[in-house]
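See below for the structure under consideration.
A, B, ... follow the sequence lines: proteins, then strands. Residue 1 opens every chain. Below, each value reflects all heavy atoms present in this structure, side chains not excepted, and no hydrogens, waters or symmetry copies. Keep in mind that this is a model prediction, so the values were computed, not measured.
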Number of protein chains: 2
Amino acid sequence: MKSSIKEVAHLAQVSIATVSYVLNGTKRVRPETEKRVMDAVRKLNYQVNPLARNLRKGESKLIGFVVSDFGNYFFQEIAMGLEAQLAAAGYSLILIDSKEQKEIEIENVKNLIAQAVDALVIAPTTEDCSYLSLLLANNPIPAIMIDRRPEGFVSDLILATNEQGAYEAVKALTERGHRNIAFMGEKRDSTMLERLQGYTRALEEAQIPINANYIRFGSHSSGSQRILKHGTMYHHTFDLLSNHNITAIFSGNNMGTIGIFSCIKETNLKVPEDLAFITFDDEFWLTMTSPAITAVAQNPDEMGKVAGNLVLERLRKNPDEEYSYQEIRISTHLIIRGSI
Amino acid sequence: MKSSIKEVAHLAQVSIATVSYVLNGTKRVRPETEKRVMDAVRKLNYQVNPLARNLRKGESKLIGFVVSDFGNYFFQEIAMGLEAQLAAAGYSLILIDSKEQKEIEIENVKNLIAQAVDALVIAPTTEDCSYLSLLLANNPIPAIMIDRRPEGFVSDLILATNEQGAYEAVKALTERGHRNIAFMGEKRDSTMLERLQGYTRALEEAQIPINANYIRFGSHSSGSQRILKHGTMYHHTFDLLSNHNITAIFSGNNMGTIGIFSCIKETNLKVPEDLAFITFDDEFWLTMTSPAITAVAQNPDEMGKVAGNLVLERLRKNPDEEYSYQEIRISTHLIIRGSI
DNA sequence: TCATTTTAGAAAAACGTTTAACTACTATAA
DNA sequence: TTATAGTAGTTAAACGTTTTTCTAAAATGA
């Protein structure tokens, strides 16, 4: 049914080594011999057995991508960019969802190592990544972190220009005369703190004092989009709109935006007349609301591509060759829509 | 660095076969010997090399999922259900996007076969799947089709109750007194034709004659969500609203809905007063619009889980054991929101 | 007691490649 | 002519498991 290199060799009247050389182009072979081999290959419809090759070469041509939340469109886009880049180099991507739970993330990494992936790309659920040092200690494969700065583990790192993105967004608000601007961040992690810095810088530049009441963080456990609609951020929004006279909200990420916008929708506030709204992360549905929502667009496709290239680069390097880890920032841009 | 079974055997003073027996529980071993082996395993922090095991056992523990359009939330949900089910059985999922292009789909299947996946789950871009018969001829792995009925290839099949779902949706419209109801289907495939049948049945039941002008299909090439906003369906909607006095639209799927709703939003029609709207496929953003959009919810998570179980079932069977292919229907349910 | 069966483990084959080491032959140069 | 280098191919080792086959000792039964 499935033919092996042995049968090809036999049919072509050569040794199996020669077949391998022809197929891989790893050694000179007389044209005549090559033809005999290729004819046999075609006749038998031979394809190499990747299982055998993998064992011999000690690689699997598999890359694992551990995603903190696969329900988040942002990571889906990254995955697509990554996959495109890796597929071109003959690698396949194993995608696996941590559902924002650290234990699942650790389990996922273990499983991927058990599948002998050649490298890992990880969007960690939390910053504590010390477990990776342990798991990779006697299994030194490249690991590239994305979206969040890990603690307890050094590696290549791909991040957005969070501070700058937030700064530009909030600046767009101050320029329109807003002074009471809320900052709402779903998760309090390094990424969100960078965005908070951008918020702070824009306010300072406009000589607006920081009001701690206007800065809100959500619960750490984010759930599905449906749950988020009436989650912590929803209630924070309700409080801000009822008890504080804010005129604009800047949402630190797309997940928080769900709760915030759900609340806004339920009030009778007019956007943008009564309340201006901007969110980090551009997502498709932001254009389907009335009015459409202004957003700081990241470039997840680009992040995925860059991650892919970095993986390939690392894989080409000799493992003990010295290598300095890279930190790459992917730029954001503000897309202005009707909500401000 | 990475220890092999040989070293474990040596440390435990047994043969490598015994180590294998202990680890896999495939043969009786004296408790004392077992302890020696396990101690050695722990001391060396040994983990089996899956590459070697795969070669020997002739399996990869990999399942390929070829998705017609990974940008479509529907398939993402399926993927998550599938992954959950397979992971529990020790399988990993390789996800790959065909971007609605047949050539890419074929390429994807080839690549997955080259990666030696143990089985395939395919959401085909078009119904013509005769290429599979060829590709799987000398590589007989199970393949399970999902969402669309393949032609030229027999296999297990998982579909939604399309006719019934559409019927209930359109019935909800006729019950509210609508008589001029448009049916808009993005792609003209077996799935969409089933939905059209549901539409037809509901109209006949309400004794409303079918008006061919009210039935519209889109271009076959669907693109990204952003492109769809002003694609064929957008123009069909514009025509229907301008030149035909329809009072309700039933959209055959989520992709078409993007263009349709974009157009509705740009007119000054009041929904649902001037125009009622229902779509097949429930998606998160349908609740963020004003009003929220009524939808026929499929159960993609369930579809993924069922697909996973089917894969595992097939994998357990002896390949030449006779097996009758299954066709499984996953039910839909109507979620009524403000748009009707 | 002696033949038979059971048990625990070892030895070795097998999975299908890649690749290092080797061989025989041919071409080149002195 | 003879040493040397290059060419084209073969042989065999290696990758790390699982599993079949084999062996020796112990247990069982008559």
Side-chain angles (χ1 to χ4, degrees), chain A residues 1-38 40-41 44-62 90 113-118 138-139 141 319, chain B residues 1-38 40-41 44-62 90 113-118 138-139 141 319:
Chain A
M1 181 126 284
K2 221 170 153 182
S3 45
S4 76
I5 197 173
K6 217 168 173 174
E7 302 165 54
V8 175
H10 182 250
L11 183 59
Q13 308 262 54
V14 296
S15 71
I16 61 167
T18 303
V19 177
S20 176
Y21 292 137
V22 168
L23 258 29
N24 297 295
T26 41
K27 215 173 178 184
R28 275 191 100 108
V29 170
R30 272 193 307 170
E32 183 206 313
T33 314
E34 178 169 341
K35 183 173 177 344
R36 279 217 314 283
V37 170
M38 292 312 292
V41 164
L44 296 174
N45 193 19
Y46 168 75
Q47 289 171 247
V48 302
N49 179 332
L51 269 32
R53 166 187 283 169
N54 288 346
L55 171 59
R56 174 59 223 228
K57 302 189 84 166
E59 63 178 24
S60 64
K61 288 283 177 181
L62 254 29
I113 290 175
Q115 270 282 6
V117 294
D118 291 341
N138 56 347
N139 206 60
I141 57 173
Chain B
M1 180 126 283
K2 223 168 151 184
S3 45
S4 77
I5 197 173
K6 219 169 173 175
E7 303 165 53
V8 174
H10 183 250
L11 182 59
Q13 309 263 53
V14 296
S15 72
I16 60 168
T18 303
V19 176
S20 176
Y21 292 139
V22 168
L23 258 29
N24 298 296
T26 42
K27 212 173 177 183
R28 273 192 101 108
V29 171
R30 270 192 310 171
E32 183 207 312
T33 314
E34 178 169 339
K35 181 173 178 342
R36 280 217 313 282
V37 170
M38 291 313 291
V41 165
L44 296 174
N45 193 19
Y46 168 76
Q47 289 171 245
V48 302
N49 179 331
L51 269 32
R53 167 186 284 169
N54 289 346
L55 170 59
R56 174 60 224 230
K57 301 189 83 165
E59 63 178 23
S60 65
K61 288 284 177 179
L62 255 27
I113 290 174
Q115 269 283 5
V117 294
D118 291 340
N138 56 347
N139 205 60
I141 57 173

Review point. Between P31(B) and K57(B), which is nearer to the 5' end of DNA chain C once each is assigned its nearest nucleotide?
Key: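 Closest to the 5' end, via its nearest nucleotide, is P31(B).
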
Check your understanding: In terms of side-chain heavy atoms, does N139(A) have a donor or acceptor partner in K2(B) at a distance below 3.5 Å?
Key ->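 A pair is found: one side chain offers a donor N or O, the other an acceptor, under 3.5 Å apart.
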
Check your understanding: Can you list, by residue number, the residues of residues 46-54 of chain B that have a non-hydrogen atom closer than 4.0 angstrom to DNA chain C?
Key ->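 Hits under 4.0 Å, by residue number: none.
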
Point to revise | Side chain Q13(B), main chain R36(B), donor-acceptor under 3.5 Å | key: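 Pair absent, no side-chain N/O of Q13(B) close to backbone of R36(B).
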
Practice item. Say whether, by atom type as modelled, one donor and one acceptor occur between the side chain of Q115(B) and the main chain of L62(A) under 3.5 angstrom. Key: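 No, the answer is negative, given that no donor and acceptor are paired below the 3.5 Å cut-off.
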
Review point. L55(B) CG to dT19(D) P: how many Å, rounded?
Key: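 L55(B) atom CG is separated from dT19(D) atom P by 12 Å.
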
Review point. For the pair made of CD in E59(A) and C1' in dA14(D), what is the distance, rounded to whole Å?
Key: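 So the two atoms are 16 Å apart, to the nearest Å.
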
Report all interatomic pairs (protein N or O, nucleotide N or O of nucleotides 24-27 of chain D) with separations under 3.5 Å.
none

Would you compute the distance between atom [atom1] of [X] and atom [atom2] of [Y] and round it to the nearest 0.5 angstrom?
{"X": "L23(B)", "Y": "E34(B)", "atom1": "CG", "atom2": "CD", "result": "9.5 Å"}
{"X": "E59(A)", "Y": "R53(A)", "atom1": "CD", "atom2": "CZ", "result": "8.0 Å"}
{"X": "L51(A)", "Y": "S60(A)", "atom1": "CG", "atom2": "OG", "result": "10.5 Å"}

Check your understanding: Under 4.0 angstrom, heavy atoms only, what part of the nucleic acid is S20(A) near: base, sugar-phosphate, or nothing?
Key ->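 Since a base atom lies under 4.0 Å of S20(A), the category is base.
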
Practice item. Scan T18(B) against the nucleic acid and name what it touches under 4.0 Å (heavy atoms): base, sugar-phosphate only, or nothing. Key: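 Touches sugar-phosphate only.
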
Practice item. Please list, by residue number, the residues of residues 5-12 of chain A whose heavy atoms come closer than 4.0 Å to an atom of DNA chain D; answer none if no residue qualifies. Key: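 Contacts with DNA chain D under 4.0 Å: none.
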
**Study point:** Axis deviation across the helix from dT1(C)-dA30(D) to dA30(C)-dT1(D), five-pair ends, to the nearest 10°
**Key:**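 End-to-end axis angle for the helix from dT1(C)-dA30(D) to dA30(C)-dT1(D): 50°, rounded to 10°.
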
Could you list all N or O pairs between the protein and nucleotides 21-23 of chain D that sit under 3.5 Å apart?
none

Point to revise | Boundaries of the chain B footprint along DNA chain C (any atom under 4.0 Å from a heavy atom) | key: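 It runs dA8(C) to dG16(C).
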
Review point. Nearest nucleotide by nearest heavy atom, which residue falls closer to the 5' end of DNA chain D, R30(A) or T26(B)?
Key: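 With T26(B) and R30(A) compared, the 5'-side residue is R30(A).
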
